[in-house]
Structures are given as C-alpha cells and as structure tokens.
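Keep in mind that the numbers below use all heavy atoms, side chains included, and drop hydrogens, waters and symmetry copies.
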Amino acid sequence: MTDPDDERKQATTAMFDRVAPNYDEGGSGCFAHFGARLVDAVGVEPGQHVLDVACGRGAAAIPAAVLAGSTGSVLGTDLSSEMVACARSDAERAGVDVDFAVGDAESLGFPDESVDVVMCGFGMMFLPNVDVALREFRRVLRPGGTVGVSTWKVTQVADLGIVMARNGFMEVDGEVLRFADPAVLAGYLTDAGFGSIVVRAETVSTEYVDVDAYWSAARGTGMRRWIDRLDGDRLLTVRSELGQRLAAVSNGGALEVDATALIAVAYR
C-alpha cells in the first residue's frame, strides 16, 4: 500500500522539478527579497553553521553564506534535484561558496546539536508532517540556536489564485496559506519546543511590466501545477479575467502587486 505522505512528497518534488528553471522570474524577485529578509531576521553571523531546509534556488542560503563567511558554512537542502542543480549554478554565478544537496525536511540526517541556525523559507506549507520537521530542526540546533521560517499571508500571485478558484479550475485546499495566521505558525513552533517566538508580517510591492510578465512569474511558483492543467477556453477565460482584475493595480502600464509574508524567529 502506498504511503499518502510519500505520494505527496513525490508530487511536490515533481512540481518543483518543473518549476525550477523559471523559479522567481518575471517580476522583481519576490522570493529573493524575502530570502534576504529571513537571513536578516535570524541574524546570521561570521563563523556560524547554517542549514537552509527546502532551499529552492538559494534565496536565503546564498545571502546567508555571504554573512557566514569563510569561517562558517551554509548547506541548502531540497527534495527537488532540479532546484538543487539550479541553486548550485546561481551560487557559482554569484561567486558564493554554498553547499547544496537533495534532502528531506522530515529526516535531516545530521548529528544532534550540529548547526547554529536553521532556516526554511516558504517550505513548511508543503510538508506532510510539519511537526516532525520542526522537531528535526530543533534536534540539529545547538542549545541557544536560532530557527527562522517564512510563510505566505498573501502570495505574489494571489490574484491569479482568486480567478482560478472562482472558475473552479483549482482546488482551494488552503495548503499554501495554511500558516497565514501568525497564531497558528507560532503554535507549531511552540509545540515543537521552541521559545522566545516572534512572528511579524512584512509586505513588498512586486512590479510586473505587464500581464505576460505576471503570468511568467506565476509559472515559476507553486501555481504551476494548476496553470499546466489549463487548455483552450479555460486558458482564455483565466487570462481574460486576470487581465481585467490586474487592470485595477496598473500604474502607467506596469502592474504593482503586494505580497505579504510572515517571518517567524524562535530559539532552542
């Protein structure tokens, strides 16, 4: 009998393997922005050993490595081998020394109390067993170590999600926004044994030159799984309604769309 958790992980991995080449493209780099903000929030210092779980293309791992310096280390792990490959290429282009590897957030495979900081940017919502993963984060942290996670309150492609859901072209299962409530996010961290928890909301305005750029950016997010199912009249309907909806946020032809993330920091 197939394990539902394994099936979910396989589906998530396949989706992000497809998304990886276009991840965080088409707009102003929303993931990169919040990756840097997550690094700022956890306060990475020179000489620290940092683990970035569900690292994507290194939005947090790469800036963390700059701060950790040559006396520290940063390892980014992700279920998607394509994300890992793209992250390696991005780090090489940036001239930053970061290690990346395929890895499961729920089974880290690192020694107890071996890292100073654990980060997870926009990854918790895709984990079948968040409680297991958070306990793993705590296990590998040294006493006094820091954990930092980010989740969506309002995604950068929320308008597309509204249009798709209204037409019945996607399931509204609350997965991406399952930690949109600060109290829920803090509760999971508390249950995992973390203390001194602080959760704050941060909003960034993302600019797209036109609807095509917005669409391209959406294809580089988790929305890709629903976009790829559109064909014929469905695709025309969504593009038309999306254009009408985004016209309300047009600024001289460009589109300005707000995205809001929750950034939580806690300590072992």
Side-chain angles (χ1 to χ4, degrees), residues 11-37 54-60 78-80 82-83 86-87 90 121-126 150-180 202-262:
T12 298
T13 301
M15 176 185 69
F16 282 109
D17 279 347
R18 293 195 304 273
V19 166
N22 308 111
Y23 193 66
D24 209 22
E25 293 181 355
S28 61
C30 198
F31 289 112
H33 170 83
F34 283 122
R37 295 300 298 133
C55 65
R57 285 183 59 158
D78 201 286
L79 273 177
S80 166
E82 292 299 321
M83 280 290 191
C86 288
D90 290 348
F122 302 117
M124 283 178 54
M125 61 281 288
F126 298 110
S150 60
T151 64
W152 286 117
K153 188 171 180 66
V154 180
T155 77
Q156 79 274 44
V157 290
D159 293 283
L160 175 58
I162 291 170
V163 171
M164 295 274 281
R166 186 168 58 208
N167 283 279
F169 298 157
M170 66 175 283
E171 298 173 12
V172 184
D173 57 8
E175 179 182 69
V176 172
L177 299 178
R178 62 193 286 209
F179 302 107
E202 293 197 11
T203 299
V204 64
S205 181
T206 300
E207 183 173 293
Y208 304 98
V209 296
D210 53 25
V211 177
D212 286 338
Y214 179 103
W215 188 263
S216 176
R219 284 175 55 81
T221 71
M223 283 293 294
R224 177 69 171 270
R225 59 186 154 163
W226 305 111
I227 292 173
D228 285 350
R229 299 180 186 183
L230 298 175
D231 57 11
D233 291 342
R234 289 187 172 191
L235 180 59
L236 292 175
T237 296
V238 170
R239 288 296 299 255
S240 175
E241 291 190 17
L242 178 64
Q244 294 171 24
R245 184 177 180 86
L246 292 177
V249 295
S250 176
N251 181 14
L255 308 173
E256 293 184 359
V257 180
D258 287 344
T260 300
L262 297 181

Checklist entry - What are the two closest non-hydrogen atoms of Cys86 and Arg57, and how far apart are they? => result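 So the minimum-distance heavy-atom pair works out to CB-NE, 3.6 Å.
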Item to check | Taking every non-hydrogen atom, the tightest pair across Gly58 and Ala87 | outcome: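 For Gly58 versus Ala87, the nearest heavy atoms are N-CB, 4.1 Å.
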Item to check | Partner set under side chain to side chain donor-acceptor pair (under 3.5 Å) for Ser150, not counting sequence neighbours | outcome: none
From [X] [atom1] over to [Y] [atom2], what is the distance, rounded to the nearest 0.5 angstrom?
{"X": "Thr260", "Y": "Phe34", "atom1": "OG1", "atom2": "CZ", "answer": "6.5 Å"}
{"X": "Met164", "Y": "Trp226", "atom1": "CE", "atom2": "CH2", "answer": "8.0 Å"}
{"X": "Leu242", "Y": "Trp215", "atom1": "CG", "atom2": "CH2", "answer": "7.0 Å"}
{"X": "Cys30", "Y": "Phe122", "atom1": "SG", "atom2": "CZ", "answer": "6.5 Å"}

Checklist entry - Under a 4.5 Å cut-off applied to non-hydrogen side-chain atoms, are Leu262 and Phe179 in contact? => result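 No - every pair of side-chain heavy atoms lies 4.5 Å or more apart.
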Checklist entry - Does the side chain of Phe126 come within less than 4.5 Å of Met15's, by heavy atoms? => result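 They are in side-chain contact.
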Next on the checklist: Quick check against the 3.5 Å criterion: does Arg225 have a side-chain atom that pairs as donor or acceptor with the backbone of Phe16?
Outcome noted: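 A pair under 3.5 Å: no.
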Next on the checklist: Donor-acceptor check, side chain of Asp78 to backbone of Gly56, threshold 3.5 angstrom: yes or no?
Outcome noted: yes
Item to check | Contacts of Glu241 that satisfy salt bridge (charged side-chain N to carboxylate O under 4.0 Å, His left out) - sequence neighbours left out | outcome: Arg166
Next on the checklist: Using the salt bridge (charged side-chain N to carboxylate O under 4.0 Å, His left out) criterion, which residues pair with Arg37? Sequence neighbours excluded.
Outcome noted: Asp40, Glu202
Next on the checklist: Apply side-chain contact (heavy atoms from CB on, under 4.5 Å) to residues Leu230 and Phe169 and explain how you reach the verdict.
Outcome noted: CA-CA 8 Å; Leu230 298 175; Phe169 298 157; 3.9 Å; yes
Next on the checklist: By the salt bridge (Lys or Arg N to Asp or Glu O under 4.0 Å) test, which pairs, at least two apart or in different chains, include something from residues 248-259?
Outcome noted: none
Item to check | Those residues that, when tested against Asp228, pass side chain to side chain contact (heavy atoms under 4.5 Å, CB included) (two or more places apart) | outcome: Arg18, Arg219, Arg224
Checklist outcome for this item: The complete set of side chain to side chain donor-acceptor pair (under 3.5 Å) pairs with one or both residues in residues 229-239, sequence neighbours excluded, reads Asp212-Arg239
Output a table of donor-acceptor pairs, distance under 3.5 Å, between side-chain atoms of residues 152-163 and any protein atom two or more places apart or on a different chain; print 'none' if there are none.
residue, atom, partner, partner atom, Å
Lys153, NZ, Ala180, O, 3.4
Thr155, OG1, Val157, N, 3.2
Thr155, OG1, Ala158, N, 3.1
Asp159, OD1, Arg245, NE, 2.7

